[in-house]
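Computed from a prediction, not measured in an experiment: that's the story for all the values here.
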Amino acid sequence: MTDAKRSTELDILRILAMLAVISIHVDTVAQSWIDTLIRNIEFSAVTWCVPVYVMISGRLFLEKRKQLPVSAYFKKYILRIVVAFAFWSAIYQVMYIALGAYDDLNWKGILAEYIVGPYHMWFLWMICGLYLATPVLRKIAEDIRVARYFVLLFVVFSFLVSYGEELLFVGSILASVLGSMQLQLPLGFTGYYVMAHVIHNTELPKKKEVAIYVLGVASLIFTCVASTALAIQSGEPVEYFAGYQKVNVIFTSAAIFTFFDKKVSRVNFTEHTRKLFAKGAELSFGIYLIHALFNELTAYIGLGNNIPCSIMVPVLTVLIFVLCTVAVALIRKIPIIGKQIT
């Protein structure tokens, strides 16, 4: 399997994950209770997007051949994110001020909003944290058995933290014990990061691979059905079962990543197709940074407010993706700073 082919499936996965991210953030107005349920299902069906983004980074940065000094993570990767964050967070703050969203804030409040960033930029701070931890996580990844144990801890304790505390009679006791354990290292997105490495470096027998797909699909169905059931019960959209740390989302994300790592990687793409996907993936960081701008603007002008979510979510997702792709391609042509901020 060539490096080009291995990267192509990740390029495709980046693009699909970006579309899923946009669909989550698309701002639409539900026209009915049924429309609200449909929107809830649409949201629940794509919550794998952020975990898969993290897994792509995990596969790349934990590879044995990617030997980097600790300073390189700061100079090459974290610095790039900080520069892009500083620029685009400023643009968003200017937009929010112009739209009147900060009328009740003083300069300290606006400065705090600038540092934290708009709603989607939490991801950049999280990725910076993973880059800081990568030299440590690489030591774990060096021994595949240790890495597998790390992933086992991730899955088991994610389940206990997510659902174990809801168990009758023992839930409160379990919550107290877990709180006392303070087992943070394998939880959160570090688990996804290492899991990608384990999947990529494990030869899966056909039965086990199929089992992963079955579990992933079953988990996806569970997420959608359970979220819908809670929405019906509460009378409003509920994201409880769609959290990134829920074990059902973990299984779905693992299945999707496995499919691309084990199946799509074997596809013999033409040179033209590989370059096309590579270009799309190259623009994905910039698209992530600016997609909320277009999302806010379409919401501000009320685009699609009188059209059902089942129609407008996919339409706006594609529209915003296309507009962002064109915008980022043009921005990257700006001398000196274009590629630095996208």
Student: Distance check, rounded to the nearest 0.5 Å: Lys208 atom NZ versus Tyr213 atom OH?
Tutor: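 Reported to 0.5 Å precision, the distance equals 14.5 Å.
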Student: Cation-pi check, Lys246 to Phe222: give yes when NZ or CZ is under 6.0 Å from the six-membered ring centre and within 45° of the ring axis, no otherwise.
Tutor: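 So Lys246 doesn't make the cation-pi contact.
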Student: Is there a side-chain contact (heavy atoms from CB on, under 4.5 Å) between Gln245 and Val161? Walk through the geometry before answering.
Tutor: CA-CA 9 Å; Gln245 308 306 322; Val161 171; over 6 Å; no
Student: For Ile15 and Phe321, work out which heavy atoms get closest and say how close.
Tutor: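 Looking at all heavy atoms of both residues, the closest pair is CG2-CZ, 4.0 Å.
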Student: Crowded around Gln233 CD? As in, over 12 foreign heavy atoms under 6.0 Å?
Tutor: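 Open.
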Student: Shortest non-hydrogen contact from Phe154 to Gly188?
Tutor: CE1-O, 3.4 Å
Student: Should Ile144 and Val151 be counted in the same cluster of Ile, Leu, Val, Met, Phe, Trp and Tyr side chains packed under 4.5 Å apart?
Tutor: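 Looking at the clustering, Val151 is in the same group as Ile144.
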Student: Does OH in Tyr119 sit with more than 12 non-hydrogen atoms of other residues, nucleotides or ligands closer than 6.0 Å?
Tutor: yes
Student: Could you tell me whether His291 and Tyr288 have their ring centroids closer than 6.0 angstrom?
Tutor: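 Aromatic pair counts; centres sit under 6.0 Å.
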Student: Examine distances only and state if a side-chain atom of Trp88 and a backbone atom of Ile290 form a donor-acceptor pair shorter than 3.5 Å.
Tutor: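 Between the backbone of Ile290 and the side chain of Trp88 there is no qualifying donor-acceptor contact (under 3.5 Å).
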Student: Counting only N and O atoms by type, is there a donor-acceptor contact under 3.5 Å from the side chain of Thr273 to the main-chain atoms of Phe269?
Tutor: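 No: the side chain of Thr273 does not pair with the backbone of Phe269.
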Student: Which distance, rounded to the nearest 0.5 Å, do you find between the SG of Cys128 and the OH of Tyr73?
Tutor: 14.0 Å
Student: Under 3.5 Å, is there a donor on one side chain and an acceptor on the other for Tyr300 and Glu296?
Tutor: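 There is no such pair (donor and acceptor under 3.5 Å, judged by atom type) between the side chains of Tyr300 and Glu296.
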Student: Can you find a heavy atom in the side chain of Tyr193 that is under 4.5 Å from one in the side chain of Ser57?
Tutor: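 In contact.
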Student: For Asp104, does the CG atom sit with more than 12 other heavy atoms under 6.0 Å from it, leaving out its own atoms?
Tutor: no
Student: Can you find a heavy atom in the side chain of Val194 that is under 4.5 Å from one in the side chain of Thr190?
Tutor: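 They are not in side-chain contact.
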Student: Is there a side-chain contact between His197 and Glu63 in this structure, where contact means two heavy atoms from C-beta onward sitting under 4.5 Å apart?
Tutor: yes
Student: Please round to the nearest 0.5 Å and tell me the distance separating atom OG of Ser162 and atom CZ of Phe241.
Tutor: 10.5 Å
Student: Within the side chain of Gln93, is there an N or O that forms a donor-acceptor pair under 3.5 Å with the backbone of Ser89?
Tutor: yes
Student: Could you walk me through whether Ile199 and Met55 pass side-chain contact (heavy atoms from CB on, under 4.5 Å), step by step?
Tutor: CA-CA 10 Å; Ile199 291 172; Met55 293 177 77; 3.8 Å; yes
Student: Given Tyr192 and Tyr53, is the ring-ring contact (aromatic ring centres under 6.0 Å, His included) satisfied, shown in steps?
Tutor: CA-CA 9 Å; Tyr192 283 111; Tyr53 256 132; over 10 Å; no
Student: Which distance, rounded to the nearest 0.5 Å, do you find between the OH of Tyr96 and the CG of Leu105?
Tutor: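 Atom-to-atom, Tyr96:OH and Leu105:CG are 12.5 Å apart.
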Student: Report yes if the side chains of Phe43 and Glu239 come closer than 4.5 Å at any heavy-atom pair, otherwise no.
Tutor: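 They are in side-chain contact.
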Student: Using a strict 4.0 Å threshold on nitrogen-to-oxygen distance, state whether Glu209 and Lys206 make a salt bridge.
Tutor: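 Salt bridge: no.
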Student: With a 6.0 Å cut-off on the ring centroids, do Phe74 and Tyr131 count as close?
Tutor: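 No; Tyr131 has its ring centre 6.0 Å or more from that of Phe74.
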Student: Report whether Val155 and Ile212 are members of the same hydrophobic cluster (ILVMFWY, side-chain heavy atoms less than 4.5 Å apart, transitive linking).
Tutor: no
Student: What heavy-atom pair brings Asn295 and Val26 nearest, and what distance separates the two atoms?
Tutor: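 Shortest heavy-atom contact: OD1-CA, 3.3 Å.
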Student: Verify side-chain contact (heavy atoms from CB on, under 4.5 Å) between Leu289 and Leu124, making sure each step is shown before the conclusion.
Tutor: CA-CA 9 Å; Leu289 290 168; Leu124 302 188; 3.6 Å; yes
Student: For Ala20, does its backbone N or O pair with a side-chain atom of Ser23 as donor and acceptor, under 3.5 Å?
Tutor: yes
Student: Does Trp48 reach the side chain of Phe257, with side-chain heavy atoms less than 4.5 Å apart?
Tutor: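 No - every pair of side-chain heavy atoms lies 4.5 Å or more apart.
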Student: What are the two closest heavy atoms between Thr252 and Ser219, and how far apart are they?
Tutor: OG1-CB, 3.4 Å
Student: To the closest 0.5 Å, what do you measure between CG (Leu153) and CG (Leu187)?
Tutor: 8.5 Å
Student: Between Ile91 and Val94, is there a side-chain heavy-atom distance shorter than 4.5 Å?
Tutor: no
Student: Is it true that Val82 and Ile337 fall in one hydrophobic cluster, defined by side-chain heavy atoms closer than 4.5 Å?
Tutor: yes
Student: Between Tyr92 and His120, is the ring centroid distance below 6.0 Å?
Tutor: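 Close enough - the centres of the two rings lie under 6.0 Å apart.
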Student: Show the nearest heavy-atom pair for residues Lys262 and Leu204, with the distance to one decimal.
Tutor: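 Closest pair (atom of Lys262, atom of Leu204, distance): CE-CD1, 4.2 Å.
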Student: Using modelled atom types and a 3.5 Å cut-off, is there a donor and acceptor pairing between side-chain atoms of Thr223 and backbone atoms of Ser44?
Tutor: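 No, Thr223 side chain to Ser44 backbone: no donor-acceptor pair under 3.5 Å.
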Student: Under a 4.5 Å cut-off applied to non-hydrogen side-chain atoms, are Gln340 and Ile336 in contact?
Tutor: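 Gln340 vs Ile336: side chains apart.
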Student: Centres of the Trp125 and Phe85 rings: under 6.0 Å?
Tutor: yes
Student: Provide the closest heavy-atom pair for Leu37 versus Ala231 in the form atom of the first, atom of the second, distance.
Tutor: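 So the minimum-distance heavy-atom pair works out to CD2-CB, 3.8 Å.
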Student: Report yes if some heavy atom in the side chain of Leu283 is under 4.5 Å from a heavy atom in the side chain of Thr342; otherwise report no.
Tutor: no
Student: Apply the test side-chain contact (heavy atoms from CB on, under 4.5 Å) to residues Phe294 and Cys324: give CA-CA distance (whole Å), side-chain angles for both, the deciding distance (0.1 Å), then the verdict.
Tutor: CA-CA 8 Å; Phe294 288 94; Cys324 288; 3.4 Å; yes
Student: When rounded to the nearest 0.5 angstrom, what is the spacing between CG in Leu316 and NE2 in His25?
Tutor: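 Between Leu316 CG and His25 NE2, I get 14.5 Å after rounding to 0.5 Å.
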Student: Would you check if the side chain of Asn248 reaches a backbone N or O of Leu220 as a donor-acceptor pair within less than 3.5 Å?
Tutor: no
Student: Can His200 and Asp261 be said to form a side chain to side chain donor-acceptor pair (under 3.5 Å), step by step?
Tutor: CA-CA 6 Å; His200 182 59; Asp261 189 79; 2.7 Å; yes
Student: Run the salt-bridge test on Lys263 and Glu9 with the 4.0 Å N-O cut-off and return the result as yes or no.
Tutor: no
Student: Quick check on the 6.0 Å ring-centre criterion: do Tyr77 and Phe61 meet it?
Tutor: yes
Student: Under the side chain to side chain donor-acceptor pair (under 3.5 Å) rule, what do Asp143 and Tyr149 come out as? Steps first, then yes or no, please.
Tutor: CA-CA 10 Å; Asp143 188 329; Tyr149 177 66; over 6 Å; no
Student: Is there a path of hydrophobic side-chain contacts, each under 4.5 Å between heavy atoms of I, L, V, M, F, W or Y residues, that connects Trp122 with Val46?
Tutor: yes
Student: Indicate if Ile250 and Leu178 have the same hydrophobic cluster label, given that clusters are the connected sets of ILVMFWY residues with side-chain heavy-atom separations under 4.5 angstrom.
Tutor: yes
